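Within every chain, numbering begins at 1; the chains are lettered A, B, ... in the order of the sequence lines, protein sequences first and strands thereafter. Everything numeric in this text was worked out from a predicted model, so none of it was measured.
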2 protein chains.
Amino acid sequence: MVTLAQVARHAGVSPSTVSYVISGKRSISQDTRLRVERSIAELGYHPHAGARALASNRSHVIALVVPLRTDMFVPVMMEIAIAVTTTARRYAHDVLLLTSEEGPSAIKRIANSGLADAMILMDVELEDERIPLLRQTGTAAALIGLPADPAGLTCVDLDFEATGRLAADHLADLGHREVALIGPAESVYRRHTGFAERTLAGFRQQAGERGLRFLHRPCGDGHEAASGTLSRIFEERPGITGLVVQNEAALPHLLGQLRQSGRAVPEDVSVVAICPDDVALHSAPRLTSVSVPAKEMGQRAVELVMALAAGHPAEELTLLTPALTIRESSGPGPR
Amino acid sequence: MVTLAQVARHAGVSPSTVSYVISGKRSISQDTRLRVERSIAELGYHPHAGARALASNRSHVIALVVPLRTDMFVPVMMEIAIAVTTTARRYAHDVLLLTSEEGPSAIKRIANSGLADAMILMDVELEDERIPLLRQTGTAAALIGLPADPAGLTCVDLDFEATGRLAADHLADLGHREVALIGPAESVYRRHTGFAERTLAGFRQQAGERGLRFLHRPCGDGHEAASGTLSRIFEERPGITGLVVQNEAALPHLLGQLRQSGRAVPEDVSVVAICPDDVALHSAPRLTSVSVPAKEMGQRAVELVMALAAGHPAEELTLLTPALTIRESSGPGPR
DNA sequence: ATGAAAGCGCTAACAA
DNA sequence: TTGTTAGCGCTTTCAT
């Protein structure tokens, strides 16, 4: 192991000088800076993370808590996790991966062990047990998703209410009069993860505003659930010509079933999906969709949490504006 | 922050005693152990990770390197990552998440900074640049996947050759004579990630052995790719009655297309999937499949790497035995 | 612009 | 069975 002391000797300076060259916390003459940098490269020096953390009281690590049970669409979670990791590296930080399995005690453990300077939580529930701990330990933290009471917390999420409104508006603009919202599994609603309810609320509001008659149904992830949900919807409301789908896993099954049952998309029924762009593009027909900006959510969470850890104030609520991309799955409603 | 010294004072013992109570590295009288443990709980003490790493030269962290570009089915990656994390906790270790974006230099950085005691690599290519670094730094490491030359490395993977053979055998047993293997996208083969080639090799071998006539086609992930691949296959070999699919993303599209084109599963064509169980169970019909044991791969990788980090020798090659579960998508071949 | 030196909180000899 | 103590490698005051 190469130590800072060895670098100092090699460069003919004192240890503190090397330290300051690395941290940039005081001005160094061009000359010594260069010598030190050359020594660092030559010896292949990397600061010892533990020693640094001990002396400076900052670990340069962000903890990321991912859900065990997977309400969220897994590829979205993964994209967020990767965005968090690559963004963190831009701040010279690393990411510690935690699962919600360990429960609220993980918060205490991380906060007290100095393992991480900040936390990002990905599976926030409306009434999350960990939130009081976060507040009380004063940990720099960002939540991806919204709890019931975000006061004093830093949260990032897609504006799902606006998403619901956007989808309703698009269908109304196209002249549809009867529509349905197909959401995630019922268990997701019961667990109060929030995003599904918020989409529903926005959709309901705008549907009302625009005089749309609408139905809402949760839907499981498999083929059977999808075809069951679909047939029940059309049985109950044969006049439905517009579908909004917030369930990536069910999407291919839903589309297959639609095709199977002789309903052409978009001629007979228009589909608006709430999903990542690549899912929309890999479907047939390519789906008109509101994209879930996973990458941006991860990036923003890191930026916010870095600001907090540096002692700067951070915005309380960052709601990303949804964008609807019109593709081939939505068309004019009944003439 | 509560320190070990405070705990010692509170319990009326010396710091080293507290340390030894925690590490279990020397015997402690029942009495003092209890007193110390009570103090720890009462004060809410957690050892400072950095200090511990500095003094002991062990960070209690495992680095997990995940691929950026996603050849592997994302939910499988995620399941492995989660299994690694939860298993690591059982060994009192945490997991540091790295992406392959940082490149081979990440290996050096981690090895030299003492950030992690061991590494698990998930996106191993046949000729992986990082392998020489691993060898040369002597880092305790486990690879998930097989490189071209695994000599001296610790690797964990599903036995994909056996998987290919198993699928071929199942179709042959059912009396099928003409079959096709639908694999991942061509780019995956070109990148030489290995698993696809190995399945193909096993399948080819056993198909030969059993007198099966067979075709192999890569297939993109979307609906268009799936239906194109499928129609080209049946155009070229109308007599095909058995399909092996190693492409989770294309699976729903493939099944939809089969239904669409009037081929009943399993009456007209049998389908054997290589995929996680939940994908097989969420399809219609439920798929006969060889399951990808993501969880077990993650667990094993951690166990192996922990053995290595402790200085014990570890097996060089751990190939998990594939298991085929017969469900509803495979039936008798042409009579 | 640079150096000297005192810790940061813990582990692991060495002693008893 | 327990205590004493010398570092681990780095940051950061305090000097110069």
Query raised in the report: D:dG9 P sits how many Å from A:Leu43 CG, rounded?
Result: 15 Å
Query raised in the report: Considering only D:dC8, D:dT11, D:dT1, which nucleotide approaches the side chain of B:Ser27 most closely?
Result: D:dT1
Report summary line: Looking only at D:dG9, C:dT2, C:dT11, the nucleotide nearest the A:Ile28 side chain is C:dT2
Report summary line: Between A:Ala301 and A:Ala142 the two heavy atoms that sit nearest each other are O-CB, 3.9 Å
Report summary line: Quick note, A:Val13 side chain, CB onward, closest among C:dG9, C:dG3, D:dT1 is C:dG3
Report task. Can you tell me the distance, in whole Å, between the CG atom of B:Leu115 and the P atom of D:dG9? Result -> 15 Å
Query raised in the report: Would you say the side-chain atoms of B:Thr17 and B:Ser14 include a donor-acceptor pair closer than 3.5 Å?
Result: yes
**Report entry** Check: A:Ser14 side chain, C:dT2 base, donor-acceptor under 3.5 Å
**Finding:** no
Query raised in the report: C:dT2 base to A:Arg26 side chain: any donor-acceptor pair below 3.5 Å?
Result: yes
Report task. For A:Ser56, answer base if it contacts any base atom (sugar-phosphate contacts may also be present), sugar-phosphate if it contacts only those atoms, and nothing otherwise; contact means non-hydrogen atoms under 4.0 Å. Result -> sugar-phosphate
Query raised in the report: Is the shortest side-chain N/O distance from B:Ser29 to OP1 or OP2 of D:dT2 below 4.0 Å?
Result: yes
Report summary line: Whichever of B:Thr17 and A:Arg52 has the more 5' nearest nucleotide on DNA chain D, that residue is B:Thr17
Query raised in the report: So what does B:Ser16 touch, heavy atoms closer than 4.0 Å: a base, only the sugar-phosphate, or nothing?
Result: base
Query raised in the report: Taking only N and O in the side chain of B:Thr32, is any of them less than 4.0 Å away from OP1 or OP2 of D:dT2?
Result: yes
Query raised in the report: Do A:Met297 and A:Val76 come close enough that some side-chain heavy atom pair is under 4.5 Å?
Result: no
Query raised in the report: Nearest-Å distance, OH (B:Tyr20) to C1' (C:dA15)?
Result: 12 Å
Query - Donor + acceptor pair across side chains of A:His46, B:Ser113 (<3.5 Å) - result: no
Query raised in the report: At under 4.0 Å, does any side-chain N or O of A:Lys25 touch on OP1 or OP2 of D:dT11?
Result: no
Report task. Consider the side chain of B:His48, meaning its heavy atoms from C-beta on, and name the nucleotide among D:dG9, C:dG3, C:dC10 that approaches it most closely. Result -> C:dC10
Query raised in the report: Roughly how many Å is it from CG in A:Leu4 to P in C:dG7, rounded to a whole number?
Result: 19 Å
Requested in this report: Indicate whether OP1 or OP2 belonging to C:dT11 is found under 4.0 Å from a side-chain N or O atom of B:Ser19.
Outcome: yes
Query - Side chain to side chain, A:Leu308 and A:His312, heavy atoms closer than 4.5 Å - result: no
Query raised in the report: How many Å lie between CG on B:Asp31 and C1' on D:dT1, as a whole number?
Result: 12 Å
Query raised in the report: Under 30°, 30 to 60°, or over 60°: which ring-plane class applies to A:His60 and A:His93, parallel, tilted or perpendicular?
Result: parallel
**Report entry** Whole angstrom value for the distance that separates P of D:dT11 from CG of A:Asn57
**Finding:** 13 Å
Query - Nearest-Å distance for atom pair CZ/P, residues B:Arg58 and C:dA12 - result: 10 Å
Report task. Would you kindly give the CD-to-P distance between B:Gln30 and D:dT2, to the nearest whole Å? Result -> 11 Å
Query - Short side-chain N/O contact to C:dC10 OP1/OP2 from B:Tyr45, under 4.0 Å - result: yes
